[in-house]
2 protein chains.
Amino acid sequence: MPPVRADPGSADGRLGVTADAVLDAALTLFAARGYHGTAVSQIAAALGIRTPSLYNHMRSKQDLLETIVERTLDEVLDDFRTAVGDLTDPAERLRRATRAYALRHATHRREALVVNRDTTSLPEPTMTRMRERRRDHERVVRAVIADGIDSGAFHVDSPALASFAILEMCVSIARWFREDGARSAEQVADEYTDFALRIVGFVPAPDSTDRQADGTGGPDGSDR
Amino acid sequence: MPPVRADPGSADGRLGVTADAVLDAALTLFAARGYHGTAVSQIAAALGIRTPSLYNHMRSKQDLLETIVERTLDEVLDDFRTAVGDLTDPAERLRRATRAYALRHATHRREALVVNRDTTSLPEPTMTRMRERRRDHERVVRAVIADGIDSGAFHVDSPALASFAILEMCVSIARWFREDGARSAEQVADEYTDFALRIVGFVPAPDSTDRQADGTGGPDGSDR
DNA sequence: CCTACCGATCGGTAGG
DNA sequence: CCTACCGATCGGTAGG
């Protein structure tokens, strides 16, 4: 009886390839060479099997991409909700949201590269859904920034441009971060969080009175 | 019989395809679908000719990519040198460098998308050269930031992280900017320049007689 | 600029 | 998990 679902415990003790292993190999190759630049035969070779055997663990090459993208975007939104929780202070919300996003892009580089490069290769129902999710994420961040402006904590012209800049700056971490580099993922995330607060012109409230911005770009090293 | 060679300015009539036209069509398609996602036949179709005719104007598909990437990176370095000129003030140098880079990514979106997505598809002599050029650009920006820190104008922990953040933030403009959007390329470039100065913790010297006054890092929208 | 055509490789299926 | 094999398409060439 052929195992339809991934069952790691094969009868003869020889560990077969699982659906997750296929997904992981595809993720590595898609990230390195792009979706269209990766042949199904390369995924099979990475797993030490022949191409047709791959189809015992996946539906199609396209389905691999869809699964990777959807799974990743779900996790990003989960990250955001977990990070900001029920906090109300805009600065703290932005801090947590940025930190989680930056951290994710340092620790899930492959996923980030695939999502940001190969979305144009997605079939149509998925592509629209994916765009909506990215837009949702951008909007909640933008709303946090707008809240901060309203409360007088942030001083920036355009919440939209600020949210674009902050989010894309974090995304780009996936392009250069190395696990064996000079800085840990946490250190990078912390620094990028500072950058985010500077971009929105965060000035910690000294006390209750809303102080007028002095117009010189407020943040210096003191808010680190 | 269509003219083999024609004035590029008279674009209305049916003209013979030129090498530049092939490059431009390839640029559009590579940007939209990626290098491996674009078939040579699609480039030909975009120009209204058959695939084999394309080879009167190009050497190979790969050569198109190489030409696009090398040309673009040359222009980026030219941009930088032209923008900063012989200025010495770190803030002014960073301002000009950021503005030029941001502006380029708003006005040359296709080139930016191709360079940032399809570099892994470059053949080896070109790929290394291209990486070196990008690294050179990053280093000069990093040096500007380090200078600003030394002179006391900038206050930021890591010049390297700050330069990554600033450059990649500008690169990402190519992903969302629309010519018919709410802001002009110049407006976006100006805002991103402000973001860059905030990221490095720029505080204008109080006794400076620079023509810039304090509007540079100003978070208020009074001058916009 | 075209028609005719090439070998190679693509993603995927048949059938064990 | 395999061998055998499919039609489609790929980038590119021959030869006008």
Side-chain angles (χ1 to χ4, degrees), chain A residues 1-27 29-30 32-68 114 118 120-123 126, chain B residues 1-6 13-27 29-30 32-68 114 118 120-123 126:
Chain A
M1 186 177 296
V4 176
R5 299 285 159 171
D7 185 10
S10 209
D12 55 358
R14 189 175 169 197
L15 203 62
V17 167
T18 64
D20 277 349
V22 173
L23 219 42
D24 191 74
L27 185 53
L29 286 163
F30 290 172
R33 307 150 123 83
Y35 174 73
H36 285 301
T38 301
V40 175
S41 61
Q42 294 175 309
I43 301 174
L47 294 163
I49 61 177
R50 305 282 177 176
T51 301
S53 305
L54 223 41
Y55 288 82
N56 293 315
H57 310 289
M58 70 182 220
R59 268 200 290 275
S60 67
K61 185 191 180 188
Q62 197 170 73
D63 189 65
L64 289 177
L65 180 62
E66 289 191 59
T67 303
I68 290 168
V114 172
D118 293 316
T120 54
S121 304
L122 285 170
T126 307
Chain B
M1 190 159 200
V4 175
R5 211 171 259 275
R14 258 297 203 238
L15 303 177
V17 168
T18 63
D20 277 350
V22 173
L23 218 42
D24 191 74
L27 185 53
L29 286 163
F30 289 172
R33 307 149 122 85
Y35 174 73
H36 285 301
T38 300
V40 174
S41 61
Q42 294 174 312
I43 301 173
L47 294 164
I49 61 176
R50 305 282 177 178
T51 301
S53 305
L54 223 42
Y55 287 82
N56 293 316
H57 309 289
M58 68 183 220
R59 266 201 290 276
S60 67
K61 184 190 180 188
Q62 198 169 71
D63 189 65
L64 288 177
L65 180 62
E66 291 191 57
T67 302
I68 289 168
V114 172
D118 292 316
T120 56
S121 303
L122 284 170
T126 307

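Proteins get letters first, then strands, A, B, ... in listed order; numbering begins at 1 in each.
Across C/dC1, D/dC1, D/dT13, the shortest atom-to-atom separation from the side chain of B/V17 is found for C/dC1. For A/V40, whose side chain is taken as the heavy atoms from C-beta onward, the closest listed nucleotide among D/dC2, C/dC1, C/dG12 is C/dG12. Considering only the side chain of A/K61, C/dG12 comes nearest among D/dG12, D/dC1, C/dG12. Comparing D/dG12, C/dC2, C/dG12 by their nearest atom to the side chain of B/S53 picks out C/dC2.
Rounded to a whole Å, the CD atom of A/Q62 is 17 Å from the P atom of C/dC10. The separation between A/I49 atom CD1 and D/dT3 atom P is 12 Å, rounded to whole Å. Straight-line distance from the CG atom of A/L47 to the P atom of D/dC2: 11 Å, rounded to whole Å. Atoms CG (A/L54) and P (C/dG12) sit 10 Å apart, rounded to a whole Å. Whole-Å rounding puts the A/Y55 OH to D/dT3 P distance at 16 Å. Between the C1' atom of D/dT13 and the CE atom of B/M58 lies a distance of 12 Å, rounded to the nearest Å. If you take CG of B/N56 and P of C/dT3, they are 14 Å apart, rounded to a whole angstrom.
B/H36 comes within 4.0 angstrom of no nucleic acid atom, judged by non-hydrogen atoms across all strands.
Along DNA chain C, the nucleotide closest to A/Q42 and the one closest to A/R59 are compared, and the more 5′ of them pairs with A/Q42.
In this structure, A/R50 does not reach the D/dC1 phosphate: none of its side-chain N or O atoms is under 4.0 Å from OP1 or OP2.
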> Stepwise, does the side-chain contact (heavy atoms from CB on, under 4.5 Å) test hold for B/Y35 with B/K61?
Replying inline: CA-CA 9 Å; B/Y35 174 73; B/K61 184 190 180 188; 3.6 Å; yes
>> Walk me through whether A/T18 and A/H57 qualify under side-chain contact (heavy atoms from CB on, under 4.5 Å).
In response: CA-CA 6 Å; A/T18 64; A/H57 310 289; 5.7 Å; no
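The shortest non-hydrogen separation linking A/V22 to A/M58 is CG1-SD, 4.0 Å. Heavy atoms only, all atoms of each residue included: B/L54 and B/A44 are closest at CD2-N, 3.7 Å. Scanning both residues, B/Q62 and B/S121, for their nearest heavy atoms gives NE2-O, 4.2 Å.
B/T38 contributes atom OG1, which lies 10.5 Å from atom CG of B/L64 (distance to the nearest 0.5 angstrom). Annotation: the span from A/L27 atom CG to A/I43 atom CD1 amounts to 10.5 Å, rounded to 0.5 Å.
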> For DNA chain D, what string of dots and brackets results from 5' to 3' when Watson-Crick and G-U pairs need both distances under 3.5 Å, crossing pairs get [ ], and pairs with another strand get |?
Replying inline: ||||||||||||||||
